[in-house]
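Below is one structure, written out as structure tokens; comments come after it.
Everything numeric here is computed off the predicted structure, so don't read it as measured data.
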Protein chains: 2
Amino acid sequence: MEKNLTLYEKVREDILSGKFGENEKMTEIKLAKKYEVSRTPIREVLKQLEFEYLVKDGYIYKPSPEDYRNLFEMRTLIETHAIEKAILLFGPSDINDLKNSIEKAYAGPEDETLAANKYFHDKLISSIRNPFLSETYERMNSIIYLFSRTVVERQRPNLIEEHAQIVGAIEERDVEKGKRLIGEHLDKDLEFSLYYM
Amino acid sequence: MEKNLTLYEKVREDILSGKFGENEKMTEIKLAKKYEVSRTPIREVLKQLEFEYLVKDGYIYKPSPEDYRNLFEMRTLIETHAIEKAILLFGPSDINDLKNSIEKAYAGPEDETLAANKYFHDKLISSIRNPFLSETYERMNSIIYLFSRTVVERQRPNLIEEHAQIVGAIEERDVEKGKRLIGEHLDKDLEFSLYYM
DNA sequence: TTTAATTAAAATGTATACATTTATTAACCA
DNA sequence: TGGTTAATAAATGTATACATTTTAATTAAA
């Protein structure tokens with residue numbers, strides 16, 4: 001199975017796997033040589049990476065704890081909104097999808113747990129049915145991935161149980177409870193990861 | 001007073017003032033000729049205009065009413081969040097800024113009313129003190145401008161009075177009232193403008 | 001006629017040379 | 001030696017040629 005990654009995917013993977021130093025300068029010329037393309041496509045890629053908070057002002061972006069808290073404030077705002085919508089819109093089939101992702105997260109090895117947890121949050125976001133809000137959320141995917149990896153690898157307590165509780169609130173159609181739970185859940189992810197990162 | 005606009009500002013102004021047809025194709029070559037630059041800077045500008053919902057897939061973006069409702073859902077989510085923060089954080093000086101903008105909006109000619117109304121909403125957003133949420137809001141500035149122009153030119157009833165009521169809710173520190181009022185305010189702007197646009 | 005295939009044209013993708021700006025180093029002087 | 005300026009180098013900005021892809025037009029076949 002040959003991986004045929006786009007230039008963007010290659011650079012993104014290299015950043016997420018830590019192949020660049022924190023705050024390393026991302027000059028077009030250097031990257032063009034490294035990936036054996038011209039500056040033109042590198043520029044496009046850098047724009048995309050800036051969009052998703054991996055690069056800033058020509059450097060690898062190392063957000064401060066304050067930056068991460070602000071990003072999570074935006075994330076929480078959107079996911080909290082999503083819970084409201086999910087309680088209005090989700091039927092048994094959708095709720096079953098959420099439950100299945102919880103089962104998979106319990107059972108699987110780390111990378112499957114990671115994928116299952118991502119599915120859980122993405123499924124919630126899908127309830128919004130708003131491409132602009134979805135894009136704003138997806139823009140944080142790389143950052144969210146880094147946090148998710150940390151909480152799974154470091155085995156944050158109650159991680160998956162909290163997902164189950166959130167599904168419970170959706171089943172009960174308890175908006176206030178759902179909003180509170182998702183807020184607490186994300187806040188724990190944030191503070192737990194900040195401690196280790 | 002010579003205006004010295006950047007290429008981006010020129011193209012943006014031309015779009016906002018309707019110099020391009022709805023759904024007009026924005027080819028790099030055509031724009032390069034029109035603005036007498038090469039394709040390279042045009043590409044940068046098109047990226048930026050796509051970012052702020054003025055261009056999509058190489059065409060002038062004409063959002064559907066559904067698109068506008070979705071954009072306003074995102075806007076409302078952020079401004080509602082801002083009201084909560086404003087009620088926590090705003091002191092007499094901030095509240096006075098809001099009141100002044102209301103006075104200016106009443107007194108001035110159309111373009112000053114427009115500027116004062118923009119100031120009102122931007123001041124609210126500033127209460128969030130979150131650069132990521134601010135950027136997401138600012139990304140909608142062009143769209144917000146088009147709506148604001150419509151409601152001012154077409155003299156939507158109660159427009160400025162609603163601003164005053166919102167300030168009232170902030171002074172009373174009534175979160176629920178504030179959130180309800182900003183939601184209703186934005187919804188009226190949306191539906192009023194959709195009727196005319 | 002419609003539909004499909006072929007060809008032509010137009011647009012975008014990429015590489016690269018040159019211009020301009022920004023950052024770094026070196027030289028100079030108080 | 002510290003601080004300013006000049007010289008150099010490095011990076012980004014811009015224009016442009018060529019490659020590739022996409023779109024449109026034309027022609028051929030059903």
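Ion pairing of K62(A) with E24(A) is absent here, as no side-chain N (NZ or NE/NH1/NH2) approaches a carboxylate O to less than 4.0 Å.
With K188(A) contributing its side chain and E162(A) its backbone, the two residues share no donor-acceptor pair below 3.5 Å. Distance alone, capped at 3.5 Å, is enough to place a donor-acceptor pair between the S127(B) side chain and the A82(B) backbone.
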Scoring nucleotides 11-20 of chain C by protein non-hydrogen atoms under 4.0 Å (B base, S sugar-phosphate only, - none) yields BBBBBBB---
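In this structure, the side chains of Y61(A) and L49(A) stay at 4.5 Å or more apart for every pair of heavy atoms.
Put simply, OH on Y59(B) is 14 Å from P on dT22(D), counting in whole angstrom units.
For residues 148-195 of chain B, the set of pairs meeting the ring-ring contact (aromatic ring centres under 6.0 Å, His included) definition, not counting sequence neighbours, comprises F120(B)-H163(B), H121(B)-H163(B), H121(B)-H185(B), H163(B)-H185(B), F192(B)-Y196(B). For residues 99-112 of chain B, the set of pairs meeting the salt bridge (charged side-chain N to carboxylate O under 4.0 Å, His left out) definition, not counting sequence neighbours, comprises K99(B)-E171(B).
When the side chain to side chain donor-acceptor pair (under 3.5 Å) test is applied to R39(A), the partners found at least two apart in sequence or on another chain are E28(A). Residues forming a side chain to side chain contact (heavy atoms under 4.5 Å, CB included) with S64(A) (at least two apart in sequence, or on another chain): E66(A), D67(A).
Direction change of the helix axis from one end of the helix from dT1(C)-dA30(D) to dA30(C)-dT1(D) to the other is 10°, with five pairs defining each end axis (rounded to 10°).
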